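The model shown is predicted, which means the values in this text are computed figures rather than measured ones. So you know, we letter chains A, B, ... as the sequences are listed, proteins then strands, and number each from 1.
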Amino acid sequence: MRTRFGLLKYRLTRPHPLMGVVLLVLLAFLILVPLAIIVAQSVTVQGHSYDIRLADRPAGSFSFVYWRRLFTLPLGEFLLYRPLMNTLVVASVTGVLATLLGSFLAWLVVRTDLPAKGLVGVLAIVPNIVPSFALALAWLLVFRTAEYSVTGGLLAQLGAEAPAWLAYGPVAIITVLTINYMAFSFLLVSISLRKIDASMEENAVVLGASTFRILRTVTLPLVIPALVSSFILSSAAALGTFAVPEFLGSPVRFNLLSTVLYQNIGANRYGEAFVQTILLILITASLIWLYAKVVLGSRRSFVTISGKGFATRLTPLRSWRWPLAIAVLVFLFFVALFPLLMIVSESFLLQTGRYSLDNLTLHYWVGSAQTGWGPASLAGVFTSPATLSAMWNSLRLGLVSALLVGVASFLFGYVIVRGKGSRLTSLVDQASFVPYLIPGIVFGAMYLSSYAAGFGPIPALYGSYVLIIAAVVTNLLPFAARVGTNVQTQISSDLEDTALTFGSWWRAFMRVLLPMSKDGFVITFIIAFIGVTKELDLVALLVPARDPVLTWFALVYYGEGYFQHWAAISVIILTVTFVVVVVSYWLGFKVLQRQGDDS
Amino acid sequence: MSEHAVVVENLTKRFGDTVAVNDVSFSVASGELVCLLGPSGCGKTTLLRMLAGLLEPTSGEIYLGGKCVFSSRKGIFVPPSKRGIGMMFQNYALWPHMKVVDNITYGLKALRLPRPEAQRRLAETAGMMGIESFLERFPSELSGGQQQRVALARMVVVQPEIFLMDEPLSNLDARLRVHTRVELRRIQQSFRTSGVYVTHDQEEALALADKIAVMNDGVILHLGSPEDVYEDSRHVFVAGFLGSPPPNHVPSRVEQMDGGSRVTLPGFGSVQLDKRVPAQDVVVSLRPEYCQLVGANGGASGTANGTASDGRLRGRFRLVSAQFMGAHYVLLIETDGSGPLIVKHDKGREEPAVGSEVEVAVDVGAVRFYERDSGRLLAKGPRVVDDVA
Ligand SMILES: Nc1ncnc2c1ncn2[C@@H]1O[C@H](COP(=O)(O)OP(=O)(O)OP(=O)(O)O)[C@@H](O)[C@H]1O
Ligand SMILES: [Mg+2]
């Protein structure tokens, strides 16, 4: 009798189809609903008196007024055309420069006999770990001018004040973003270079080709997919980035779509902001679509990368060895270590930018509030209750989000790998990549418009951490799904199946699946934690001013010109990031050793 | 225990548009080992996984040990752990994060045996498999053969009623494979456990099985003893799949004659079938070992094409190539019209000379005739051998 309903029970408890449905519903609420709402809102008259006057219709009625405003001159020039042009220029130039620099460094480290490779390899990754708002701060500390700031930067102190076009605007933004994204390109191209079968180059050597000719005719064509990926992905990241253009562009009114969008929301001009949001999504999405088409779609024509030859041949640099090594190390010192020095020292200066021993202080760390004006009137970051509670918020947000991302990584990986071949599964797989198309600041705008005021069964969540966590986790889903898929692919389903012949699914899950997915979970958790802790773009619009996270203070301190506080919170976040990276490297090392022991 | 360990009725599995297993029915007597043999993609694994309960069939019924474990009609599905099966995969599926001992005792814990009994079983099984000395190691610290024995131990320690094995030997090297095959057979027989064993290696199936089920395209074409499926293959695919080198398949046609039906073997002459069948196109299957070289180098045999005298048909052909295989030669012989013929030639007899004319005799009792269109067995070796018309 018990087996009577066995089939029904089996179908209901079989994990992946049910899990797949649950994930799809979740994704719909996290992505589809906000997207739909923002589109609907962009053609709805918003509630401010300004909107009603503009549309000459009651709030809530249908109107194309915002779209018209953006696309017609003369206003359109400031609301759309100029920011759009700026965005495209900054994104494409950044993409090119980051790719060139990153891949050149990768080639030097992976394929040549450059001395001090280990050091170069580590230094090249550092600017990627540093949050972008901290890099922007370092830039200002060196280049700011008395005209636009409370005082001149380091260069001005040395008697060579930078011209305004260098200190602020496109050059500054592109340089900082390039430094920030260079490491990404470095990693991507390194992996691809490592996979090249050495025998391909050796063949060319045997045939008498010169170093340069081998590079041009053999090596380069093989890494072209990685170069294209690097260009498209760093351009896409630059398209939607917010913090750096906000800090380095707005003093000279150099705006990108992301910053005008932020300013519009700040000025309660939601309608315009929503149209800008939609346009930003469309541009990023078309770039990623291009990426999928060009790089992923044409994998077949690049199958020359064999993935086997590990004994890579090193290109001799001969007389260039030491000059190149020194040049690279000097360059990396200035992009990786010098910014950190600037930030750390700034946090100990009573008067900003004055480098002298009698100016040293601990005030911005532990001092109490003083009367008067200026940064010293504000207590140190470890004294002020506001920053202390923000640290606690950041920590909680990081831990909770990272935990959820880890869980999501397992769930997505499990559903995608085990359910492979079904339509439901490929839908889950594709949907998990959609957040990739949505820049952080846009997430903020989307969630603000849909869930701040309550939607259907969901209560109003404005300023609630539930909303922030949802945004942060959703933003990391593509990453989570990819790691999860890799982890689950490595766990043969036979391992689970064998356990099933001995006991229940739950026991197989607890004893076999979970322990085997553990490493993947830890890695996802760590990376997500770091990402969330230094995230500003995503939270800029969502955190409540009463109860913010630490990164949000960068916006406040920037606005007030409190550089020392800004430096202090940057140091805190940097320290946490570095400690976590070092500890996890140490943990990862142990895992590696364990595997070495096993085999 | 019931008479049949496994009974499968009208089992079908579809994946979207592909039918992986198509309306299959068969049974396995208790204590019997049945090999599912067939080419890649024919549905062997799919069938086995349905027996294990790891895959839900689209329709049909499965009985294990007389108990219904799956029925689409009655809505019955018994989970894998309640089916009394032990399973073994090609890659062994040892859990890499558990020591050998934990791998083996995983299933014992679910049985809730008293501790001493569990210890006794563990020790006994480990002893039988010769793996006592590495119980404390991780699977990655074992050689392929040792991993294989651990996987076997994990399967037998819970004393299942049915072993289900999916190509468990294919990761071993050739020598170890033959050795382990014997071991496996011994263990299966000593436990008197029934088994279903998937392989695409015909030699393994012939050596190991009580019965062989040859599959193709999701259906079982022939289920029978090894001798039966080899000698009297019921389907032209089965005949062609078994044997190394494979049999010669020669197209021909049934013609009517006085008192029966007749088929011409090109180059040899014609034979009378053992029964009267309608005129139609057929495929003639000649196994190489039933084609004998009578006199190499234009030897003394004398008689030209065809004779009935000794139940053999003869023909003269040119020898195109000879491959030495160690225990015998494989010869390629040119016939006119119907393509080359493969002949097996035992060592120690006359050395064949390539390019020369040779005489080949076919043992007509071993010739099989298949319907060209359906592939089904039409007639066995002819009773009467006819002279050349
Ligand atoms: N999960 C699945 N989804 C879709 N099709 C499948 C799935 N599993 C198997 N198939 C298809 O069913 C058919 C039979 O597959 P099966 O794995 O049973 O073959 P097999 O006989 O075990 O082959 P091999 O000897 O290569 O292991 C194949 O055509 C295969 O492509
Ligand atoms: Mg198989």
* Asked: For B/Arg14, does the CZ atom have more than 12 heavy-atom neighbours from other residues, nucleotides or ligands under 6.0 Å away?
  ->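 No.
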* **B/Asp217 atom CG, over 12 foreign heavy atoms within 6.0 Å** =>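 No - once you tally the heavy atoms of other residues, nucleotides and ligands closer than 6.0 Å, there are 12 at most.
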* To do: Please state whether the side chain, the backbone, both or neither of B/Met88 comes within less than 4.5 Å of a heavy atom of chain A.
  =>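 For B/Met88, neither part sits under 4.5 Å from chain A.
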* Check whether B/Leu94 gets within reach of chain A through its side chain, its backbone, both or neither, counting any heavy atom under 4.5 Å. =>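 It is the backbone, since no side chain atom gets that close.
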Let's test your reading of the structure: which of [options] forms the most heavy-atom pairs below 4.5 Å with chain A?
| options | value |
| --- | --- |
| B/Phe15, B/Phe89, B/Phe70 | B/Phe89 |
| B/Arg154, B/Met155, B/Arg49, B/Lys109 | B/Arg154 |
| B/Ile85, B/Asn91, B/Leu108 | B/Asn91 |

* Specify which of A/Gly503, A/Ala499, A/Ser492 makes the most heavy-atom pairs with chain B at under 4.5 Å. =>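 Option with the greatest count: A/Ala499.
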* To do: Pick whichever of A/Asp497, A/Ile491, A/Leu500 has the most heavy-atom pairs under 4.5 Å with chain B.
  =>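 Sorted descending by pairs with chain B, the first entry is A/Asp497.
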* **Segment of A/Thr498 engaging chain B (4.5 angstrom heavy-atom cut-off)** =>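 Interface part for A/Thr498: both.
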* To do: State the CG-OG1 distance between B/Leu164 and A/Thr501, to the nearest 0.5 angstrom.
  =>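 Reported to 0.5 Å precision, the distance equals 9.0 Å.
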* Asked: How far apart are the closest heavy atoms of A/Ser504 and B/Ser81, and which atoms are they?
  ->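 The pair with the smallest heavy-atom distance is N-OG, 4.3 Å.
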* For the residue pair A/Phe502 and B/Ala110, what are the closest heavy atoms and their distance? ->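 Where A/Phe502 meets B/Ala110 most closely, the heavy atoms are O-CB, 3.2 Å.
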* Please walk me through it: do A/Arg511 and B/Met98 pass side chain to side chain contact (heavy atoms under 4.5 Å, CB included)? -> CA-CA 9 Å; A/Arg511 287 288 313 273; B/Met98 295 183 200; 3.6 Å; yes
* Asked: Within 45 degrees of the axis of the six-membered ring of B/Tyr106 and under 6.0 Å from its centre: does A/Arg507 put its NZ or CZ there?
  ->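 The answer is yes, since A/Arg507 meets both limits relative to B/Tyr106.
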